[in-house]
Amino acid sequence: MPSSFPGFRVLVPDPLPAGGLARLTKTFDALKLWEEADRAAALRAAAPDIRGLASTGAQRIDSVFLDLFPKLEIVANLGVGYDHIDVAAARARGVVVTNTPGVLVDEVADATMGLLLCAVRQLPQADSFVRRGDWTRGPFPLSASLKGRVLGVLGLGDIGRAIARRAEAFGLKIAYHNRSRRDDVSYAYAASPVELAQACDILVVAAPGGPQTRHIVGARVLEALGPRGILVNIARGSLVDTAALIAALQQGKIQTAALDVFATEPDVPAELRAMPQVILAPHIGSASVATREAMADLVVENLTSWASGAGAVTPVA
Ligand code: NAP
């Protein structure tokens with residue numbers, strides 16, 4: 001296969017969106033691992049020559065994995081979250097890590113508003129109600145409302161801000177918690193997650209995953225959110241203490257939740273699946289054709305820019 005960068009071999013463990021994959025395989029000598037009959041053997045044979053890795057998030061990239069590739073220079077991740085990559089271990093080996101900020105922000109914020117509206121107005125449940133033929137037996141129960149409510153954003157970064165902007169258009173007041181107060185917004189700042197939960201009715205989690213934020217939403221935060229409170233998690237499953245969330249929902253300590261991400265995804269606890277008021281989505285925040293292709297473009301752009309000696313386009317901080 002001809003390559004624009006002879007000798008720069010790229011490992012692609014899992015499929016990328018079609019357009020991005022086509023560009024990548026046209027530009028690089030790429031090993032599409034999922035197509036190999038004996039993946040372990042193909043990986044062993046190619047590992048000494050691999051210089052770039054196109055990651056989709058399915059593979060945990062820790063020091064043991066990184067050590068398989070003595071010539072690795074760049075891990076280009078499809079996605080903005082990179083909690084599955086040990087960035088310190090990569091840096092220690094001189095490997096640069098890139099992600100795909102910017103191109104997915106609006107898509108994730110749109111999906112968040114959809115999940116939020118579904119949780120408040122119980123729209124999927126209303127759809128099922130009609131399909132079951134229950135409407136002929138009486139009206140659908142009245143739902144909660146967005147009116148007069150406060151949206152709390154835990155993690156007011158790129159995506160959190162895009163969510164806040166949309167929520168403002170829906171007439172919601174905004175509060176937020178970050179480790180540091182932003183000076184470019186006029187939203188109410190809460191000094192801690194508990195304080196934020198006390199100040200809002202709908203808590204949207206949009207901070208990065210990883211050890212620092214593990215279980216940042218636990219029993220105390222959920223209690224502070226209160227019996228009319230709604231939790232929306234579009235960040236990572238690790239930020240929410242799942243056992244505490246299940247208990248809070250079962251005991252009516254919060255009203256409902258809308259969850260796009262799970263600690264054990266794609267496995268979702270049976271307790272959550274059994275609760276009719278809870279909205280569940282299979283990690284689809286950025287999952288539109290256009291946005292996934294834009295993310296794949298940025299993966300290829302990072303690899304191309306790096307291989308050509310111009311450096312990474314969007315290295316992680
Ligand atoms: P970002 O721009 O880096 O924003 C992250 C925000 O979180 C920052 O405002 C940061 O502020 C805050 N934060 C970081 N650590 C915190 C902590 N310990 N406590 C409180 N706040 C903290 O990231 P983004 O692009 O908005 O993305 C956010 C996350 O969304 C990603 O990391 C990813 O995991 C997730 N995501 C999910 C989907 C999906 O499909 N569901 C899609 C894309 C992204 P400070 O630094 O001041 O604390």
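Note that the structure is predicted; figures quoted are calculated from it, not measured.
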Subject >> Modelled atom types, side-chain donor and acceptor of H215 and S238, under 3.5 Å >> reply: no
Subject >> Exercise: identify the closest heavy-atom pair between L72 and V95 >> reply: O-CG2, 3.3 Å
Original post:
Can you tell if the side chain of L225 reaches within under 4.5 Å of the side chain of Q255, non-hydrogen atoms only?
Top reply: no
Original post:
So, for T242 and A263, which heavy atoms are closest and what is the spacing to 0.1 Å?
Top reply: OG1-CB, 4.0 Å
Original post:
Does anything in residues 243-256 pair up under salt bridge (Lys or Arg N to Asp or Glu O under 4.0 Å), and if so which pairs, sequence neighbours excluded?
Top reply: E223-K253
Subject >> Identified side-chain contact (heavy atoms from CB on, under 4.5 Å) counterpart of L245 within the set I254, V221, N233, V278 >> reply: I254
Subject >> Residues which pass side-chain hydrogen bond (donor to acceptor under 3.5 Å, both in side chains) with S128, listed by chain and number, not counting sequence neighbours >> reply: none
**OP:** Would you please name every residue forming a side chain to side chain contact (heavy atoms under 4.5 Å, CB included) with P124, sequence neighbours left out?
**Re:** C118, I279
Original post:
Would a distance-only check, ignoring hydrogens and angles, find a side-chain to backbone donor-acceptor pair under 3.5 Å from T56 to L78?
Top reply: no
**OP:** Could you tell me which non-hydrogen atom of G210 sits nearest to which non-hydrogen atom of D83, and how far apart they are?
**Re:** N-CB, 3.9 Å
Subject >> Residue pairs, two or more places apart or on separate chains, that pass salt bridge (Lys or Arg N to Asp or Glu O under 4.0 Å) and touch residues 188-205 >> reply: none
Subject >> Heavy atoms from other residues, nucleotides or ligands near CD of E168 exceed 12 (cutoff 6.0 Å) >> reply: yes
Original post:
Under the side chain to side chain contact (heavy atoms under 4.5 Å, CB included) criterion, do K26 and S4 qualify, and how do the steps go?
Top reply: CA-CA 8 Å; K26 217 171 124 189; S4 307; over 6 Å; no
**OP:** Can you sort out the partners of Y187 under ring-ring contact (aromatic ring centres under 6.0 Å, His included), two or more places apart, ordered by chain and number?
**Re:** none
Original post:
More than 12 heavy atoms of other residues, nucleotides or ligands under 6.0 Å from CZ of R121: is that the case?
Top reply: no
**OP:** Provide the full list of ring pair (Phe, Tyr, Trp, His ring centres under 6.0 Å) pairs with a residue in residues 32-79, sequence neighbours left out, each pair given once.
**Re:** F65-F69
Subject >> Carboxylate-amine/guanidinium proximity below 4.0 Å for R292 and D297 >> reply: no
Subject >> Spacing of H283 atom NE2 and I234 atom CD1 [to the nearest 0.5 Å] >> reply: 8.5 Å
Subject >> Which residues share a side chain to side chain contact (heavy atoms under 4.5 Å, CB included) with A310, sequence neighbours left out >> reply: S305, S308
Subject >> Partner residues of F129 under the ring-ring contact (aromatic ring centres under 6.0 Å, His included) criterion, sequence neighbours left out >> reply: F140
Subject >> Carboxylate-amine/guanidinium proximity below 4.0 Å for D67 and R93 >> reply: yes
Original post:
Which pair of heavy atoms, one from V268 and one from L272, lies closest together, and at what distance?
Top reply: CG1-CB, 4.3 Å
Subject >> S3 (side chain) donor-acceptor with T27 (main chain) under 3.5 angstrom >> reply: yes
Original post:
If we ignore angles and hydrogens, is there a donor and acceptor under 3.5 Å between the side chains of D62 and H84?
Top reply: no
**OP:** State which residues pass side-chain hydrogen bond (donor to acceptor under 3.5 Å, both in side chains) with D183; sequence neighbours excluded, sorted by chain then number.
**Re:** none
Original post:
When you check the gap from the basic side-chain N to the acidic O, do R9 and D29 get nearer than 4.0 Å?
Top reply: yes
**OP:** Answer yes or no: is there a donor N or O on one side and an acceptor on the other, between the side chain of E301 and the main chain of L298, under 3.5 Å?
**Re:** no
Original post:
So do the side chains of K32 and L21 get within less than 4.5 Å of each other, counting heavy atoms only?
Top reply: yes
Original post:
If you count the non-hydrogen atoms of other residues, nucleotides and ligands that lie under 6.0 Å from CZ in R132, is the total more than 12?
Top reply: yes
Original post:
Under the side-chain hydrogen bond (donor to acceptor under 3.5 Å, both in side chains) test, which residues partner E36, sequence neighbours left out?
Top reply: none
Original post:
Is it true that V261 and M113 fall in one hydrophobic cluster, defined by side-chain heavy atoms closer than 4.5 Å?
Top reply: no
Original post:
So, does T25 use its side chain to make a donor-acceptor pair with the main chain of A22 at under 3.5 Å?
Top reply: yes
Original post:
Around atom CZ of R60, are there more than 12 heavy atoms of other residues, nucleotides or ligands at under 6.0 Å?
Top reply: yes
Original post:
Among side-chain atoms of S286 and E107, is any donor-acceptor pair under 3.5 angstrom?
Top reply: no
**OP:** Could you tell me whether R214 and D241 have a side-chain N and a carboxylate O separated by less than 4.0 Å?
**Re:** no
Original post:
By side chain to side chain contact (heavy atoms under 4.5 Å, CB included), which residues pair with A199, not counting sequence neighbours?
Top reply: none
Indicate every side-chain donor-acceptor pair of residues 149-157 with a distance under 3.5 Å to a residue at least two apart or in another chain.
| residue | atom | partner | partner atom | Å |
| --- | --- | --- | --- | --- |
| R149 | NH1 | S145 | O | 3.4 |
| R149 | NH2 | R228 | O | 2.7 |

Subject >> Distance-only donor-acceptor check, side chains N302 and T314, under 3.5 Å >> reply: yes
